Amino acid sequence: MITKNTVTKSFDLQVFKQAKNPVELSFEQNEILKIKKEKNAVILCHNYQIEPIQQVADYIGDSLGLARQASETNADIIVFCGVHFMAETAKILNPEKKVLLPDLDAGCSLSDSCPATQLSTYKAQNPETYVVAYVNCSAEVKALSDVICTSGNAVQIVEKAPKDKEILFVPDQNLGQWVMNQTDRKMKLWPGSCYAHVLFTKESIERCRLEYPEAPVVAHPECIESVRDSADEVCSTEKMVSFCKQNSSNTFIILTETGMMHRLTRELPDKSFIAGPTGNCACNDCRFMKMNTIPKLLNCLKDEQPEIFMDSKVLEKAKLPIERMLDWS
Ligand code: 13P
Ligand code: SF4
């Protein structure tokens with residue numbers, strides 16, 4: 001238990017609040033808006049992207065919202081400002097469209113923790129297993145799965161899975177464990193995790209509560225169990241927005257990637273958000289999400305690359321479990 005006396009403050013907590021004056025867009029941001037219109041392109045942006053990218057996006061949301069937007073868009077080009085598995089999901093849902101990702105190296109440690117070859121071996125040894133895959137996985141892993149879920153609909157999806165089958169949940173053990181507690185459904189969990197979310201600890205929360213005792217703590221389900229247990233609310237990034245909107249408090253402690261604070265302050269300009277600290281830093285940036293920058297986005301729109309290309313057989317196979325998810329939620 002941390003007390004005021006035992007806290008060693010090597011850094012101050014980071015408080016996010018909307019700036020009073022409206023932001024002026026830069027020359028490069030205006031160029032992006034112009035080219036986007038000329039080429040009938042749409043910019044889909046995850047909540048963790050840097051603020052200047054969020055400012056020029058057509059849609060900002062969580063993985064579920066972005067997948068839905070990707071399945072409904074009329075644009076000729078989809079520029080995905082997020083990480084590789086998200087752009088792949090957009091391509092799977094729109095094989096005939098050009099899908100671009102400003103930096104092809106924007107990966108995901110969670111996705112990497114479940115190689116398709118290992119899952120394939122597991123399935124060969126356990127042929128009756130029903131595989132529920134968190135969307136943070138490669139297209140090859142999706143192609144081996146029965147249904148996909150996101151943090152926004154994981155509980156709903158697992159509740160709909162056949163009752164007579166053993167479920168293997170891949171790749172996030174933390175989300176899987178949280179879903180098990182919510183549903184009372186036993187599952188086998190793949191031992192993967194998000195390198196960024198596991199950096200939050202119970203002490204991260206205690207430190208914030210000392211300074212902001214009235215502020216509700218909202219955590220992403222990718223956080224470890226002791227963090228989820230100490231939080232007031234555990235939810236996807238999209239649900240964080242609705243939770244903070246509906247809750248009467250003015251200040252919230254948010255345990256997820258720092259980019260989320262931009263979305264929250266823009267949508268809730270009268271409220272303040274404390275970024276959950278890790279053991280040695282006041283912020284918690286995902287190094288992959290932060291690979292996309294405004295110059296890379298501008299070049300990507302101008303040159304129409306880097307583009308997402310996929311094996312057509314993998315794409316066909318991966319489409320089924322994604323469509324099942326969209327049907328079920
Ligand atoms: P959300 O779907 O909740 O936005 O989460 C995506 C993600 O990558 C979390 O690390
Ligand atoms: Fe992957 Fe974690 Fe980054 Fe999300 S925050 S994209 S799960 S590494």
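Note that this is a predicted model, so its numbers are computed, not measured. Order of listing sets the numbers, starting from 1, for every ligand and every atom in it.
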>> Under a 3.5 Å threshold, yes or no: a donor from one side chain and an acceptor from the other, between Tyr48 and Thr237?
In response: no
> Can you tell which part of Phe288 has a heavy atom less than 4.0 Å from ligand 1: side chain, backbone, both or neither?
Replying inline: neither
>> Taking a cutoff of less than 4.0 Å between a non-hydrogen atom of the residue and any ligand atom, is Glu257 in contact with ligand 1?
In response: no
> Would Asn136 count as a contact of ligand 1 if the rule is a heavy atom under 4.0 Å away?
Replying inline: yes
> Starting from atom 3 (Fe) of ligand 2, which protein heavy atom do you reach first, and at what distance in Å?
Replying inline: Cys286 SG, 2.4 Å
>> Quick one: does any side-chain atom of Arg228 pair with a main-chain N or O of Cys223 as donor and acceptor, under 3.5 Å?
In response: yes
> Does ligand 1 have any atom that is closer than 4.0 Å to a heavy atom of Tyr195?
Replying inline: no
> Can you tell me how far the OG atom of Ser236 sits from the NE2 atom of His220, to the nearest 0.5 Å?
Replying inline: 6.0 Å
>> Could you check whether any side-chain N or O of Trp190 sits under 3.5 Å from a backbone N or O of Ser113, counting only pairs where one atom can act as donor and the other as acceptor?
In response: yes
> Nearest protein heavy-atom contact for atom 5 (O) of ligand 1: which residue, which atom, what distance?
Replying inline: His220 NE2, 3.3 Å
> Do the non-hydrogen side-chain atoms of Phe16 and Leu264 ever get within less than 4.5 Å of each other?
Replying inline: no
>> I need the atoms of ligand 1 closer than 4.0 Å to a non-hydrogen atom of Asp62, numbered in the order shown.
In response: 1 (P), 2 (O), 4 (O)
> Between the side chains of Ser204 and Thr201, is a donor N or O closer than 3.5 angstrom to an acceptor N or O?
Replying inline: yes
> Under the 3.5 angstrom rule, does the side chain of Lys97 hit a backbone N or O of Thr73 as a donor-acceptor pair?
Replying inline: yes
> Is Cys108 close enough to atom 1 (Fe) of ligand 2 to have an N, O or S atom under 2.8 Å?
Replying inline: yes
> Please state which protein non-hydrogen atom is closest to atom 2 (O) of ligand 1 and give its distance, to 0.1 Å?
Replying inline: Ser63 OG, 2.8 Å
> Between Lys142 (side chain) and Ala133 (backbone), is there a donor-acceptor pair under 3.5 Å?
Replying inline: no
>> Can you see whether Tyr195 has Arg287 sitting over its ring - NZ or CZ less than 6.0 Å from the centre and within 45° of the normal?
In response: yes
> Where does Thr150 meet ligand 1, judged by heavy-atom distances below 4.0 Å: at the side chain, the backbone, both, or neither?
Replying inline: neither
>> Show me which atoms of ligand 1 lie under 4.0 Å from any heavy atom of Glu222.
In response: 7 (C), 9 (C), 10 (O)
>> Given Ser151, Cys194, Gly259, Ser236, identify the one with the heavy atom nearest to atom 1 (P) of ligand 1.
In response: Ser151
> Which ligand 1 atoms are under 4.0 Å away from a heavy-atom of His197?
Replying inline: 10 (O)
>> List ligand 2 atoms under 4.0 Å from Ser109, heavy atoms only on the residue side.
In response: 8 (S)
>> Quick check: do Lys188 and Asn126 have side-chain heavy atoms less than 4.5 Å from each other?
In response: no
> Are any of the heavy atoms in Lys239 under 4.0 Å away from ligand 1?
Replying inline: no
> Heavy-atom distance under 4.5 Å between the side chains of Ile274 and Glu211, does that happen here?
Replying inline: no
> Heavy-atom distance to atom 7 (S) of ligand 2: which of Val135, Asn136, Asp285 wins?
Replying inline: Asn136
> Is Glu257 near ligand 2, meaning one of its heavy atoms is under 4.0 Å from it?
Replying inline: no
> What residue and atom, counting heavy atoms only, is the protein's closest point to atom 2 (Fe) of ligand 2, and at what distance?
Replying inline: Cys194 SG, 2.3 Å
> Are Glu222 and Asn136 side-chain neighbours, meaning at least one heavy-atom pair lies under 4.5 Å?
Replying inline: yes
> Is the closest heavy-atom distance from Glu238 to ligand 1 below 4.0 Å?
Replying inline: no
